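One structure is given here, and the rest of the page talks about it.
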Amino acid sequence: MNKNEEILNILEKEYGDIGCALNFKTPFELLVATILSAQTTDITVNKATDILFKKYKTPYDFAKIDEETLEPYIKSCGFYKNKAKNIINASKKIISDFGGKVPSTLEELTALPGVGRKTANVVLSNAFNIDAIAVDTHVFRVSNRLGLANSDDVYETEKQLMKNIPKKKWSRAHHWLIWHGRKICSARNPKCSICQLSHLCKYYIKNNKN
Ligand code: SF4
């Protein structure tokens, strides 16, 4: 078993089938929630969408309202003016170009306003069960510390992870890395002393040579 396989096995034992922390009932709701999740926590997004989705659920609902109507619902998520604009414009494009249905390819998703590769991959894997690795801040940090990837570029990290992780594990590994980042491998003070992966971790080994 190589080092990457060992890392993935330990992560799988720790986190198993843990899934997406954003609440959603449809691919469209997940798309909106993921747009809202930039630079904020999933808990904050869930609180906002809990109220928002009671009133507005579909692209048709959002395409009908203006930004000023949407903004108060999502203000707590930060960057709310930009997010409101993107959600409304994405809704309009989903209606005009995709018959009101969220598309299920990376190319089509990233053509929507406010949707980058990370958001598109979150939607592909969680709403459509398509193997994908969304590189968010946790996945980027943890995978590069562990040595599953070795790059200071997000897209390059995604490509390396796709190479180093078996395709059938992409979506689950994405969640394992997120949860490990949240619980143990935090940005400022990683809890290396209680981390099950320290003996395999590039960052830990480099910083504890003596
Ligand atoms: Fe993160 Fe430390 Fe664990 Fe490495 S050993 S994965 S740096 S917590």
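Worth knowing before you read on, the calculation uses all heavy atoms, side chains too, and leaves out hydrogens, waters and symmetry mates. Since we're looking at a predicted model, the values are computed, not measured. For ligands, and for the atoms within them, numbers begin at 1 and follow the listed sequence. Here, residue 1 is the first one in the sequence, and each next residue gets the next number.
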### Task
Would you please test Tyr15 and His175 for side-chain hydrogen bond (donor to acceptor under 3.5 Å, both in side chains) and show each step?
CA-CA 8 Å; Tyr15 302 106; His175 288 124; over 6 Å; no

### Nearest atoms (heavy-atom pairs only) where Lys3 meets Leu200
CE-O, 2.9 Å

## Note on the structure
Across all chains, not counting sequence neighbours, the side chain to side chain contact (heavy atoms under 4.5 Å, CB included) partners of Asn129 are none

### Message
I need the protein N, O or S atoms closer than 2.8 Å to atom 3 (Fe) of ligand 1, given as residue plus atom name.
### Response
Cys195 SG

### Message
Around atom NZ of Lys183, are there more than 12 heavy atoms from other residues, nucleotides or ligands closer than 6.0 Å?
### Response
no

### Message
In the structure I gave you, are the side-chain heavy atoms of Asp97 and Pro103 within less than 4.5 Å of one another anywhere?
### Response
no

### Message
Here's one to test your reading of the geometry: is the NZ or CZ of Lys159 within 45 degrees of the ring axis of Tyr155 and under 6.0 Å from its centre?
### Response
yes

